[in-house]
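Reviewing the structure listed below.
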2 protein chains.
Amino acid sequence: MRIMSLRYAVLGLLADRPRTGYDLARTFDGSLAHVWPASHSQIYPVLARLADGGLIRQSASGPRGKRIYEITRAGLEEIRAWLRTEPDHGSRNPAFLRVFFLWLMEPDEAIRFLEDEARVHEATLLEFEAGAAGSPSDREGAWAFRLALEWGIRYERGIIEWNAWARDQIASMAGGAGFEPASPLRD
Amino acid sequence: MRIMSLRYAVLGLLADRPRTGYDLARTFDGSLAHVWPASHSQIYPVLARLADGGLIRQSASGPRGKRIYEITRAGLEEIRAWLRTEPDHGSRNPAFLRVFFLWLMEPDEAIRFLEDEARVHEATLLEFEAGAAGSPSDREGAWAFRLALEWGIRYERGIIEWNAWARDQIASMAGGAGFEPASPLRD
DNA sequence: CGGGCCATGTAATTTGTTACATGATTCC
DNA sequence: GGAATCATGTAACAAATTACATGGCCCG
């Protein structure tokens, strides 16, 4: 059972409208960055393979060697079939991995870490809220994008609230009895 | 700038207590599965490399060729240094990637997808709540684990609420005027 | 004595990151 | 004319997944 999400993400974006590899790279670095980042060095090879398999097709050329791709009927069927498959729920979150190891820090260090994280999430929330406030697109896929954006907003708000709560927990533990920075074993 | 989170995740778990590769694999498949899944085929090679670099050490052997590893002072310094570095906020979420492409489905199909997702998240929430209700550990790292668990509970609750809201949005759009399943282009 | 789980590894393949490499247009 | 951005690719390397491979211990 293969994942190959990038392949389908590209297909999905091309289902919305024809794009160049460069356009795709900007989208993967923009609105899709939080769910599926991808760099141009990954994108160009998958465009080549998708075109090879007849799932997309180069529809036009532009100024600086620009190649505009569009999805084919076969490609559309392919992504629709993928959407009907069982999603993979595994995901990796390097920032949250650290939370498990926060006990290895001094309390004030852990609190500073959480404060830094809160700042990052507040910036992201602002970005998402600006997106939601912006003029609504008339594209067909706009409503799905709006659902995703709403999730992003709730997610960031949730983290910010949890973060404040977590800092409070650490502060009260550190103030209370029996809080000791970790220091196991001999060498 | 390298990530190599697995290396630090292993180090962090061994800072808590000595473990075997098998123990680690079970933890990566259990409590860490939601933030950093890893399989045994990844774990054994990193154990070998960490031991090679003097960051961990095999402290004992057991019955079935069991090898128990413990962290060294150098390893403890290494993970603490890592905790002070800037975290990477990129993450991949294959289930949420699909939300961006929900517009390619018929409304009832999209709603069924979301219902399935809701079921998965309700099960995970139950699992987390059971973990929180369980007897508190007296391990040093227990409080950090508790913070992570609390985040997990809030996260799952947030998704479940968003999911119901999203289904409602789709239902009201489909009921209302101008909702058309997507179907671009000629072949 | 058999099935399930404990236990450890390696190999092949795919996916993702970082670095390398090049060149055209546009705007100031 | 110089900087920023548009634009496309390849190569080397690291990380992750899947499959292959083996065997011991324990419980019923």
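Note that the structure is predicted; figures quoted are calculated from it, not measured.
Rounded to whole Å, the distance from NE2 on A:His40 to P on C:dA21 is 14 Å. When rounded to the nearest whole Å, the span between CG of A:Asp23 and P of D:dA7 equals 7 Å. Atom CZ in A:Arg7 sits about 13 Å away from atom C1' in C:dT14, given to the nearest Å. Distance A:Leu24 CG to C:dG16 C1': 17 Å, rounded to the nearest Å. Between the CD1 atom of A:Ile43 and the P atom of D:dT10 there is a distance of 14 Å, rounded to whole Å. The separation between B:Arg67 atom CZ and C:dT8 atom C1' is 8 Å, rounded to whole Å. Taking atom CG on B:Asp52 and atom C1' on C:dG9, their separation rounds to 16 Å, with Å as the unit. Going from atom CG of B:Asp88 over to atom P of D:dA14 covers 18 Å, rounded to whole Å.
Between A:Tyr22 and the phosphate of D:dT8, there is no side-chain N or O to OP1/OP2 separation shorter than 4.0 Å.
Annotation: cation-pi geometry satisfied between A:Arg154 and B:Trp165 (NZ/CZ under 6.0 angstrom from ring centroid, within 45° of ring axis). Within the cation-pi definition used here (under 6.0 Å to the ring centroid, within 45° of the axis), B:Arg7 does not qualify as a partner of B:Trp82.
Classification of A:Glu77 and A:Arg73 as a salt-bridged pair fails, no side-chain N sitting under 4.0 Å from a carboxylate O. A salt bridge links B:Asp23 to B:Arg26: at least one charged side-chain nitrogen sits closer than 4.0 Å to a carboxylate oxygen.
Between the axis at the start and the axis at the end of the helix from C:dC1-D:dG28 to C:dC28-D:dG1 there is an angle of 30°, using five pairs per end and rounding to 10 degrees.
Among the atoms of the strands shown, only primed sugar atoms or phosphate atoms (P, OP1, OP2) are found under 4.0 Å from some heavy atom of A:Arg92.
Of the two residues contacting DNA chain C, namely B:Leu47 and A:Gln42, the nearest-nucleotide position lying further toward the 5' end is that of B:Leu47. Mapping B:Arg49 and B:Ser41 onto DNA chain D via the closest heavy atom, the residue that lands nearer the 5' end is B:Arg49.
Comparing C:dA7, C:dT15, D:dA7 by their nearest atom to the side chain of A:Met4 picks out C:dT15. When distances run from any side-chain atom of A:Trp36 to the nucleotides C:dT17, C:dA7, C:dG16, the shortest one goes to C:dG16.
Panel note: side chain B:Arg167, backbone B:Leu114; no donor-acceptor pair is recorded below 3.5 Å. Not one N or O on the side chain of B:Arg92 forms a donor-acceptor pair closer than 3.5 Å with the backbone of A:Ser91.
Side-chain contact check for B:Trp143 versus A:Gln169: every heavy-atom pair is 4.5 Å or farther apart.
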Side-chain donor-acceptor pairs of residues 118-131 of chain A under 3.5 Å, sequence neighbours excluded:
unit_1	atom_1	unit_2	atom_2	d
A:Arg119	NH1	A:Asp116	OD1	2.9
A:His121	ND1	A:Glu156	OE1	2.6
A:Thr124	OG1	A:Val120	O	3.0
A:Glu129	OE2	A:Arg157	NH2	2.9

> Going 5' to 3' along nucleotides 22-28 of chain D, which nucleotides have protein heavy atoms under 4.0 Å from the base (write B), which only from the sugar-phosphate (write S), and which from neither (write -)?
Replying inline: --BBS--

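For the atom pair OG of B:Ser59 and CG of B:Leu14, the computed distance is 9.0 Å after rounding to the nearest 0.5 Å.
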